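Side chains are part of it too, since the values below use all heavy atoms of this structure and drop only hydrogens, waters and symmetry mates. Being a predicted model, the structure only gives us computed values, none of them experimental.
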Amino acid sequence: MNVRDEEKTPAETHGGGEENKPPENKRWRLNSPLAQVSLMGFVCFCCPGMFNALSGMGGGGQVDPTAANNANTAVYTAFTVFGVLGGGFYNVLGPRLTLAAGCSTYVLYAGSFLYYNHHHHQAFAIVAGALLGCGAGLLWAGEGAVMTSYPPPHRKGTYIALFWSIFNLGGVIGGLIPFILNYNRSSAASVNDSTYIAFMCFMFAGVLLSFGILPATSVIRNDGSKCSAVKYSRPSIEAAAVLRLFLDRKMLLIVPAAWASNFFYSYQFNNVNGLLFNLRTRGFNNVFYWGAQMVGSIAIGYVMDFSFKSRRARGFAGISVVAVVGTAIWGGGLANQHGYSLDNLPEKKLDFKDSGVEFAGPFVLYMSYGLLDAMYQSMVYWLIGALADDSQTLSRYSGFYKGVQSAGAAVAWQVDTRKVPLMSQLIVNWSLTSVSYPLLVLLVYLYVKDQDYDDDSGDKV
């Protein structure tokens, strides 16, 4: 995407007038970067956050995960394409309509499972999944424009942390919904209608909130300067640019990490949370799974931003920490997987209240998977951000990453549908992440500079 730099000095912005200067006594303004980034966080809290909670139930909250697996395959297949093309629609529609259109597909997706609760036909869920993949591409294009251009240059890290904290809180609250609404249904196999209706209400709230997102030209920073207006290239140009990245050595080193970063969801959601725990406990577990994500992103962010003065050293340190933690967690998963298989399922599912000490081990493992997910993805995003300075290049790197990530997820959900042995799924997941670590080390060694300068402020990064 191209960035049309519209930032001016306060005097130039005002043109001798005071119409753009925010009142000094108003610390919270809708047209401030802080308010806009916070609002964007709540939009994602309501839509992708609730989608994550719904997926985390295992099988979309159904006793048979086949429909959810096929729907998720449709989601990520469409997202593979629209993750690249979404910026072109943003050019035409602007932030409000782009985000509202994207958010509305989340409501339809949750509604398709409400329908499936009464009529066990997969077609609606699969079509809704494909539409959600298109809508997700629109939503994340809008999110990328807001997060790239609205925060002040010297506070981007803080604003990104704020956004991700609000966004992941959606998964925590979303985990409470099925837990509370199905608390007295310890023997139920699928969630009740109220659960899906609650998800739909939150998602529809996201549609309404999206109309509060302002275009960049209307957002005024505290010093009176305007934000940079992000302008995506035409979809055909963006698609060609992202495809050329498959010949870029830097991106080729990231491919295993990108493929692995969503590949493990089907195993964790369906075959750990879904197979080992009863319905209400799955919701309970998801509160801690997504809560651990918040902790993991903050922890690895500190390592990669503050552990050493040298940026290369911080990159090596972050990869090493994630590799050690990841090896320990997947090792625990291997030990846990020896206790059951598709041909030898547990006779009774675990309950957080009734299972006693038997519940503790698998619960801690599942929560640790959430911790590792956030650490792994935050590490990869940090490395991508360290490869370039301009937002055009970074947006294409991110589009490449999301495209490969979504393709991997589409395959993973079909792997689970084909009933591949659980031990094989675990080993593949562990192997994909393990292979990525030395390649990421090589990426840092070859392509990450020790220091660079922020284009806007001139400060060392």
[Y] side chain reached by [X] side chain, heavy atoms, under 4.5 Å:
| X | Y | value |
| --- | --- | --- |
| S406 | V81 | no |
| S378 | W164 | no |
| L440 | V322 | no |
| T433 | F263 | no |
| L387 | M251 | yes |
| D351 | F359 | no |
| P33 | V219 | yes |
| R418 | Q414 | yes |

Minimum heavy-atom separation for [X] and [Y], please, with both atom names.
| X | Y | result |
| --- | --- | --- |
| L99 | E143 | CD2-N, 4.2 Å |
| L276 | P346 | CD2-CG, 3.8 Å |
| G332 | L365 | C-CD1, 4.0 Å |
| G56 | Y366 | O-OH, 3.6 Å |
| A74 | I126 | CB-O, 3.5 Å |

Greater than 12 external heavy atoms within 6.0 Å of F316's CZ: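 Yes, enclosed.
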Y115 atom OH: more than 12 heavy-atom contacts under 6.0 Å: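 Buried by this count: over 12 neighbours within 6.0 Å.
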Residues D248, K250: salt bridge by 4.0 Å N-O rule: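 K250 and D248: salt-bridged.
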Go through the side-chain N and O atoms of [X] and [Y] and say whether any donor and acceptor fall under 3.5 Å apart.
| X | Y | value |
| --- | --- | --- |
| W413 | N270 | no |
| T281 | N278 | yes |
| N344 | S341 | no |
| Y183 | K353 | yes |
| S320 | Y437 | no |
| Q405 | Y76 | no |
| Q377 | D373 | yes |
| Q337 | Y267 | yes |

Pi-cation contact, F308 with R314 (under 6.0 Å, within 45°):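 Negative - R314 is either too far from the ring of F308 or too far off its axis.
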Separation of L443 CG from S436 OG (nearest 0.5 Å):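 With rounding to 0.5 Å, OG (S436) is 11.0 Å from CG (L443).
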Plane angle bin for F284 and F352 - parallel if under 30°, tilted between 30 and 60°, otherwise perpendicular: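 Ring orientation of F352 relative to F284: parallel.
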Aromatic ring pairing Y265/F269, orientation class (parallel under 30°, perpendicular over 60°, tilted between):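 Judged by the thresholds at 30° and 60°, the geometry between Y265 and F269 is parallel.
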Given N271, T66, T73, the one that forms side-chain hydrogen bond (donor to acceptor under 3.5 Å, both in side chains) with D416: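 Considering N271, T66, T73, a side-chain hydrogen bond (donor to acceptor under 3.5 Å, both in side chains) with D416 is found only for N271.
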Trace of the side chain to side chain donor-acceptor pair (under 3.5 Å) decision for Q268 with Y289: CA-CA 10 Å; Q268 293 174 1; Y289 181 94; 2.8 Å; yes
Backbone N/O of F288 and side chain of Q293: donor-acceptor pair under 3.5 Å: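 Answer holds: no.
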